[in-house]
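First comes the structure, then the notes that go with it.
Chain letters run A, B, ... following the sequence lines, proteins first, then strands; residues in each count from 1.
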Amino acid sequence: MNAILKGHVKSKSTNKVLLLFRNTWRRRRGDDCSIDSSTVLLVLKACMMRSCEEEIKHVHTLVLKLGFHCIIFVQTMLVNAYSGVGLVNDAHKVFDEMRERNVVCWTGLISAYVDNGRPSRALKLFRDMQMENVEPDSVTVTVALCACADLGALEMGEWIHSYVRHKRGFKMDLQLKNAVINMYAKCGDIGAARRMFDDMGGSRNVTTWTSMIVGHALHGQAEEALRLFEEMRSRKHGVMVPNDVTYIGVLMACSHAGLVEEGRRHLESMSKVYGLSPRMAHYGCMVDLLCRRGQLNDAYQFVVHMPIRANAVVWRTLLGACSLQGNIQLGAKVRRQLLELEPDHARDNVTMSNAYAAACMWDAKENVRAQMKHTRKVPGCSSIELESSVHEFVS
DNA sequence: CTAGGGTTAG
């Protein structure tokens with residue numbers, strides 16, 4: 001049965017995994033049951049891919065019933081599964097109950113915090129792990145560098161980089177090198193990122209190129225980003241095929257440099273040349289680009305004619321630009337769209353009321369304010385990391 | 001032969 005489940009997981013037929021598992025469980029006879037710990041791993045993986053939290057909890061109770069709860073593979077998978085559906089506390093609970101913890105389950109918990117937007121907690125655990133004399137491997141370090149990137153924690157990132165360079169027998173693989181580039185780029189040291197990139201010569205993959213392109217774009221070095229994009233596709237480096245994330249970097253660069261036509265061309269070539277379908281983020285970049293150039297009406301037309309329905313974030317980009325550039329008429333139109341999508345979003349009303357105020361349209365401003373009193377406010381941002389920051393690295 | 005790693009608009 002595990003072979004069949006494995007096939008279904010591989011082909012992403014997760015519903016078949018769950019159906020087969022439920023049937024087998026229902027028809028079991030006594031303790032003669034074909035469900036073993038490997039079955040549980042596959043089922044948990046399927047649950048995670050479908051993000052069914054209830055099913056994961058159910059499998060967890062089954063795990064206890066079947067006596068698999070002391071198997072480290074099962075425990076680690078439970079940590080990953082809970083994390084995958086956003087239940088970090090449950091993941092941590094499973095981890096706390098583990099008798100033995102090796103580098104894999106530590107890494108699983110650290111990733112859980114990174115994946116759920118708590119990088120400083122992840123770095124604290126990275127330190128705790130070393131206090132317990134568990135040596136990080138290349139996977140752990142890759143995840144920890146991700147946390148540094150998210151936090152902008154340059155010093156910690158440098159420590160980790162120096163740790164992996166000086167530790168005897170530590171193998172720096174491609175994914176780890178990519179994480180180093182990303183960390184330096186996100187933490188503001190674009191020079192260090194570029195040095196790593198240059199040192200890698202012919203061993204770069206698409207992610208390497210993409211990280212560097214995004215890095216330059218984030219640093220406002222649009223020309224260099226676009227130059228790298230052309231270089232990666234040139235014969236010189238074999239046939240490097242960009243992916244959809246590469247195009248995010250390219251469009252960010254165009255946005256920074258105000259290159260409307262070039263941006264449009266790239267967005268088109270993305271699907272025409274490489275068969276990649278643009279996602280909301282790509283259209284968002286394009287809207288941002290048009291707005292920055294002051295082409296608000298073009299931006300509006302672009303949003304209306306997009307092949308996918310714009311989300312609130314895209315409309316909000318446009319609303320922000322209308323407010324900033326004092327285009328009241330368009331701003332009001334955009335706000336109507338936003339009210340349909342997210343009627344409770346208080347900040348949009350604030351933006352709009354500020355726009356009216358900037359245009360000295362006091363009555364209109366009053367109207368928006370009055371309207372706000374009738375709707376419940378939803379804070380735009382509500383979580384703050386209340387944990388001590390990480391100051392040092394155990395080496 | 002079972003568990004962990006990615007680069008993503010504002």
Applying ring-ring contact (aromatic ring centres under 6.0 Å, His included), run through A:W106 and A:F126 and close with a yes or a no.
CA-CA 8 Å; A:W106 271 104; A:F126 180 59; 9.8 Å; no
Check the distance between [N]'s [atom2] and [X]'s [atom1] and give it to me in whole angstrom.
X      : N      : atom1 : atom2 : value
A:N102 : B:dT2  : CG    : P     : 14 Å
A:L41  : B:dT2  : CG    : P     : 10 Å
A:R316 : B:dA9  : CZ    : P     : 16 Å
A:L338 : B:dG10 : CG    : P     : 17 Å
A:D288 : B:dT8  : CG    : C1'   : 14 Å
A:W209 : B:dG6  : CH2   : C1'   : 19 Å
A:L289 : B:dA9  : CG    : C1'   : 11 Å
A:I110 : B:dG6  : CD1   : P     : 13 Å

Taking only the side-chain heavy atoms of [X] (C-beta and beyond), determine which of [options] contains the nearest atom.
X      : options              : answer
A:I248 : B:dG5, B:dT2, B:dT8  : B:dT8
A:V103 : B:dG6, B:dG4, B:dG5  : B:dG4
A:N182 : B:dT8, B:dG5, B:dT2  : B:dT8
A:T317 : B:dG6, B:dG10, B:dG4 : B:dG10

A:I248: hydrophobic cluster co-members (side-chain, 4.5 Å):
A:V214, A:L218, A:M252
Looking for any heavy atom pair under 4.0 Å, which part of the strands does [X] touch: base, sugar-phosphate only, or nothing?
X      : result
A:L176 : base
A:S138 : base
A:T140 : base
A:S38  : base
A:V206 : nothing
A:N311 : base
A:D36  : nothing
A:D244 : nothing

Using distance only, find each side-chain donor-acceptor pair of residues 90-98 of chain A under 3.5 Å and give its atom names and separation, not counting sequence neighbours.
residue	atom	partner	partner atom	Å
A:H92	ND1	A:Y113	OH	2.6

CA sep, side-chain torsions, deciding dist, call: A:S271, A:S277, side chain to side chain donor-acceptor pair (under 3.5 Å)
CA-CA 5 Å; A:S271 46; A:S277 30; over 6 Å; no
Mind listing the residues from residues 74-90 of chain A sitting with a heavy atom below 4.0 Å of DNA chain B? Number order is fine.
A:T76, A:M77, A:N80
So if I take residues 263-286 of chain A and measure heavy-atom distances to DNA chain B, which residues fall below 4.0 Å?
A:R279, A:M280, A:A281, A:G284, A:C285
Looking at A:K45, does any N or O in its side chain come under 4.0 Å of the phosphate oxygens OP1/OP2 on B:dG4?
yes
Under 4.0 Å from OP1 or OP2 of B:dA9: is there any side-chain N or O of A:R292 that close?
no
Separation between CG (A:L176) and OG (A:S138), nearest 0.5 Å, reads 6.0 Å
Residue pairs involving residues 39-54 of chain A (criterion salt bridge (Lys or Arg N to Asp or Glu O under 4.0 Å); sequence neighbours excluded)
none
With a sphere of 6.0 Å drawn around CZ of A:R165, does it hold more than 12 non-hydrogen atoms of other residues, nucleotides or ligands?
yes
The criterion is side chain to side chain contact (heavy atoms under 4.5 Å, CB included); which residues satisfy it with A:E158, sequence neighbours excluded?
A:L154, A:E155, A:Y184, A:D189
Sequence neighbours excluded, which residues qualify as side chain to side chain contact (heavy atoms under 4.5 Å, CB included) partners of A:N102?
A:I72, A:V104, A:C105
Among all residues two or more places apart in sequence or in another chain, which pass the side-chain hydrogen bond (donor to acceptor under 3.5 Å, both in side chains) test with A:K186?
A:N182
Which pairs of donor and acceptor atoms, one on a side chain in residues 279-287 of chain A, lie under 3.5 Å apart (sequence neighbours left out)?
residue	atom	partner	partner atom	Å
A:R279	NE	A:D244	OD2	3.1
A:R279	NH2	A:D244	OD2	3.1
A:H282	ND1	A:R279	N	2.9
A:H282	NE2	A:D244	O	2.7

